[in-house]
Number of protein chains: 2
Amino acid sequence: MENGHPPGASTDGDEGTSPPTVLSGTGEIGEPVRTAQGATYTRTMTPEPTPRPRLVDVAREAGVSVATASRALGKGSELIRADTRDHVRQVARRLGYRVNPVARSLRLSTTGHIGMVVPSIGNPFFMELVAQVEHCLAERGLNLLLADARMSVAHEDHLLRSLESGAVDGLVVAPCHETYSTPALERAAAHVPTVQLDRGVQLDVPMVGVDDPHGIRTLLDHLAERGVERIALLSNTGSNVSSVTRVRAARAVAEELGMRLDPDDIIECSFSVDEAGAAVNRVLDRSGAVPDAFLCLNDLLAIGAITALRGRGIAVPERVQVTGFDDIQFAALMRPTITTLHQPLDAIADRGVSILMGDDDSTGRIHIEGTLVERESTRRRPGAVGE
Amino acid sequence: MENGHPPGASTDGDEGTSPPTVLSGTGEIGEPVRTAQGATYTRTMTPEPTPRPRLVDVAREAGVSVATASRALGKGSELIRADTRDHVRQVARRLGYRVNPVARSLRLSTTGHIGMVVPSIGNPFFMELVAQVEHCLAERGLNLLLADARMSVAHEDHLLRSLESGAVDGLVVAPCHETYSTPALERAAAHVPTVQLDRGVQLDVPMVGVDDPHGIRTLLDHLAERGVERIALLSNTGSNVSSVTRVRAARAVAEELGMRLDPDDIIECSFSVDEAGAAVNRVLDRSGAVPDAFLCLNDLLAIGAITALRGRGIAVPERVQVTGFDDIQFAALMRPTITTLHQPLDAIADRGVSILMGDDDSTGRIHIEGTLVERESTRRRPGAVGE
DNA sequence: ATGAAAGCGCTAACAA
DNA sequence: TTGTTAGCGCTTTCAT
């Protein structure tokens, strides 16, 4: 990938000594000529035939020292005369000067980049989380360095390793795995400020996520109001803390509400919609009695469940009700639209970033309550046939 | 695993000569002690109580020069004795040395970061495009710096300006607007290698996208086979080249196939699903005669159309057929599933990145053919009630 | 208020 | 094969 062109071939490479060299040195004989940066990509685009002006160029052109130039352009402009500052800025603009962020980073040991690692970018939920984080960062003038762990703890480890060594000022991570992600996360957090989002491993690294028990309770209350007496639970494999917490909460709350939830009716399947469908079919094939509702631990699962149910001619919500969790975009687009627990991703992202940047010195695990979004998958339609 | 522990406590850090200052200088009196970097974020996490070892520390510890150390750890390991190299690497590992990417970037004037700017991260289509690009970059060991233009040309300009000045080695852009995005893109491309993805402004900047006319033709052929004689076209506002191209192609092909496409039946609406529904209703309210099919220029529009149609009791596909474009994840999850033109985003991303990195010296506009994905929204079901 | 100079940590050209 | 050294471009003491 490096380059691919003979050295001195291009227009700007006039080597050596005397005359031109627009923005180079003082003009002294033998002074080395700067090469345009970005030369690496010459084949593609040949950008910047003229080397970019550096601070020293601005300084010389403005007749001041680099120190003064720096002060004029930076923000520490308290100890500089106003007219000097304006003059320098003028010159800088005329020359098209732009500070080199890498040099700046090296000097300041701060990059302005925040790394984010998610289990799977392809998952709509994480996509939405990424979008929220990007917004929070943008508001603070920070950049998002996004990486996809592709559901692999090994790859996640690799990514964290590469990010933790100075490329970013902070790290936002939704760990792949409840336990296996721990070592990598611990190492990363030892190198750079880190916050966990959505889910967290058991580690002394701050984590911000939805309040799972509250969410489950909210959903089950809703279902209870709808007359549900027996439920099945659709969970996902790839054990992450959230699932476990939600399952536990569901068990407890169901019992409390006097709802039946048989151990056999708690089923795990992978994130995929198809698998969810298969899992539903298994439940239905097994027990002659169909549960009144499927409590799905995320919206994708709910979509799979609904599809499978309808595929077998079981009406949703008339015969069986279904709830999701997360409130991804598509939950409102499916037919029937899906009743689900809305995760306040904006608040979660904002809180996480605040902690990361030290604006919020909360510590430990923070759980933000979601809100019920009541939609068709649990609403009896006016003239429904239903039970 | 690495550190996170008080200085001299661990097993490996036993310094050479005298007592303290684990990784500092040679031990000379008065030599300044390095401060841990990342001090800025102390409030949050206090990472790295021990300053990270630098190359010079490894060199000293290994008893070689920094040059040798650099050669041992870098890839230019041809001119170094194998055992020297191994020794240095050993020492580096023991010290927990990691190269400082920022210093490296400054020296090499290469960051290993590629910037990507999309009109809206929230849009599922762009999310999927981002995912593909991330994969391509990861394969090449590059990082993705992702930014959301939020449908604003001004913000896009701002983002590009910040990225183009040295933060990235290359830029992948899906421009917000067919014409208004031009100046910013031109400026950016003058600074750093740039490629346009999915859509492109009229500029001499490479662009890779789907073959729109081919896609439209494919869809209309399919519809024609299904007996469609009259269509309506649902386009999106926010004029980008793709839409215009697709509309033009639709007109031409419809005529060629003898399909009726009234000017009044070409409607624009914003990306939102709801608006698409409203637009459909407008068409239906106006003309007594309902078109045989709605050709939607993207899947989100198709979702809106289907929802609106069903809301009015018009059966899809029995009474009216609907096609989408893009094949976003959800096109396969809706009921009915949506017949659409699959965009080969993997190929598009790969080609774009290849061009960016100079592995592919194609230039100008590249159009990759999509493929028809036939699903329920145009498929007559076995025992359908019929037209 | 301004300037001179010391690095931030690394790589590569040049010497040895 | 290895070491010495000159920067990459910037910010920031420390003098003036």
Side-chain angles (χ1 to χ4, degrees), chain A residues 2 7 23-25 30-40 51-60 62-88 92 97-112 165-167, chain B residues 23 25 31-39 51-60 62-85 87-88 92 97-112 165-167:
Chain A
E2 206 78 342
L23 281 161
S24 269
E31 178 175 338
V33 173
R34 290 171 49 227
T35 53
Q37 57 185 39
T40 319
R52 267 179 41 186
R54 303 151 302 160
L55 191 55
V56 61
D57 298 312
V58 175
R60 188 182 327 106
V64 299
S65 71
V66 287
T68 302
S70 175
R71 284 189 278 253
L73 299 171
K75 60 195 171 304
S77 37
E78 285 325 306
L79 21 61
I80 189 173
R81 241 175 44 217
D83 53 340
T84 314
R85 189 191 57 214
D86 295 344
H87 175 226
V88 173
Y97 171 78
R98 312 275 270 270
V99 55
N100 178 325
V102 176
R104 190 191 166 85
S105 292
L106 180 59
R107 183 59 235 252
L108 265 26
S109 56
T110 276
T111 60
S165 319
Chain B
L23 283 161
E31 176 174 340
V33 173
R34 291 169 51 225
T35 54
Q37 58 186 38
R52 265 179 40 187
R54 304 149 300 160
L55 192 54
V56 61
D57 297 312
V58 175
R60 187 183 328 105
V64 298
S65 72
V66 286
T68 301
S70 175
R71 282 189 280 253
L73 299 170
K75 61 195 171 304
S77 38
E78 286 324 308
L79 21 62
I80 190 175
R81 239 175 46 217
D83 55 338
T84 314
R85 189 191 56 213
H87 175 227
V88 173
Y97 171 78
R98 313 276 270 268
V99 54
N100 178 325
V102 177
R104 190 191 166 86
S105 291
L106 180 59
R107 182 60 236 251
L108 264 27
S109 56
T110 276
T111 59
S165 318

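Keep in mind the model is a prediction, meaning the values are calculated, not measured.
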Participant: Which heavy atom of A:Ala69 sits nearest to which heavy atom of A:Val64, and what is that distance?
Facilitator: N-CG2, 4.1 Å
Participant: Please state how far atom CZ in B:Arg98 lies from atom P in C:dC10, giving the value in whole angstrom units.
Facilitator: 13 Å
Participant: Using whole Å, what does the distance between atom P of nucleotide D:dA6 and atom CG of B:Leu108 come to?
Facilitator: 20 Å
Participant: Under 3.5 Å, which N/O atoms of the protein pair with N/O atoms of nucleotides 13-16 of chain C?
Facilitator:
none

Participant: Output the rounded distance in Å from CG (B:Leu73) to C1' (D:dT2).
Facilitator: 15 Å
Participant: Evaluate side chain to side chain contact (heavy atoms under 4.5 Å, CB included) for B:Arg54 paired with B:Asp57, printing each intermediate quantity in order.
Facilitator: CA-CA 5 Å; B:Arg54 304 149 300 160; B:Asp57 297 312; 3.3 Å; yes
Participant: Take atom OH of B:Tyr97 and atom C1' of C:dC10, then tell me their distance rounded to the nearest Å.
Facilitator: 7 Å
Participant: If you check the B:Arg54 side chain, which of C:dC10, D:dC8, C:dA1 turns out closest?
Facilitator: C:dC10
Participant: From D:dC10, D:dT2, C:dC8, pick the nucleotide closest to the side chain of B:Arg81?
Facilitator: D:dT2
Participant: Picking from C:dC8, D:dC10, D:dT2, which would you name as closest to the side chain of A:Leu55?
Facilitator: D:dC10
Participant: Can you tell me which stems DNA chain D forms, taking runs of 3 or more consecutive Watson-Crick or G-U pairs with both distances under 3.5 Å?
Facilitator: C:1-16 with D:1-16
Participant: Does C:dT2 have its OP1 or OP2 closer than 4.0 Å to a side-chain nitrogen or oxygen of A:Thr68?
Facilitator: no
Participant: Evaluate B:Thr84 against B:Thr68 for side chain to side chain contact (heavy atoms under 4.5 Å, CB included), listing each step before the verdict.
Facilitator: CA-CA 8 Å; B:Thr84 314; B:Thr68 301; 3.8 Å; yes
Participant: Looking at every heavy atom in both A:Val102 and A:Asn100, which two are closest together, and how far apart are they?
Facilitator: N-OD1, 2.8 Å
Participant: Using heavy atoms to find the nearest nucleotide of DNA chain D for B:Ala82 and B:Ala103 separately, return the residue whose nucleotide is more 5′.
Facilitator: B:Ala82
Participant: Which heavy-atom pair separates B:Leu55 from B:Tyr97 by the least distance, and what is that distance?
Facilitator: N-CE1, 3.3 Å
Participant: Rounding to an integer number of Å, can you tell me how far A:Asn100 CG sits from C:dC10 P?
Facilitator: 18 Å
Participant: Please state whether the phosphate of C:dT2, meaning OP1 or OP2, lies under 4.0 angstrom from any side-chain nitrogen or oxygen of A:Thr84.
Facilitator: yes
Participant: I need the CG-P distance between B:Asp57 and C:dG9, as an integer number of Å.
Facilitator: 9 Å
Participant: Are any side-chain N or O atoms of B:Ser105 and backbone N or O atoms of B:Pro101, one a donor and one an acceptor, separated by less than 3.5 Å?
Facilitator: yes
Participant: Are any side-chain N or O atoms of A:Arg71 and backbone N or O atoms of A:Leu79, one a donor and one an acceptor, separated by less than 3.5 Å?
Facilitator: no
Participant: Between D:dC10, C:dT2, C:dC10, which nucleotide gets closest to the side-chain atoms of A:Leu79?
Facilitator: C:dT2
Participant: Is it true that a side-chain atom of B:Arg52 and a backbone atom of A:Ser165 form a donor plus acceptor pair closer than 3.5 Å?
Facilitator: yes
Participant: Roughly, in whole Å, what's the span from CZ in B:Arg104 to C1' in D:dG7?
Facilitator: 17 Å
Participant: For DNA chain C, whose closest nucleotide is more 5', that of A:Leu106 or that of A:Asp83?
Facilitator: A:Asp83
Participant: Side chain of B:Val66: nearest nucleotide among D:dT4, D:dG3, C:dA4?
Facilitator: D:dT4
Participant: Remember a base hit wins even if backbone is also touched, and classify B:Val102 as base, sugar-phosphate or nothing at under 4.0 Å, heavy atoms.
Facilitator: nothing
Participant: I need the A:Leu106 CG to A:Thr111 OG1 distance, nearest 0.5 Å.
Facilitator: 12.0 Å
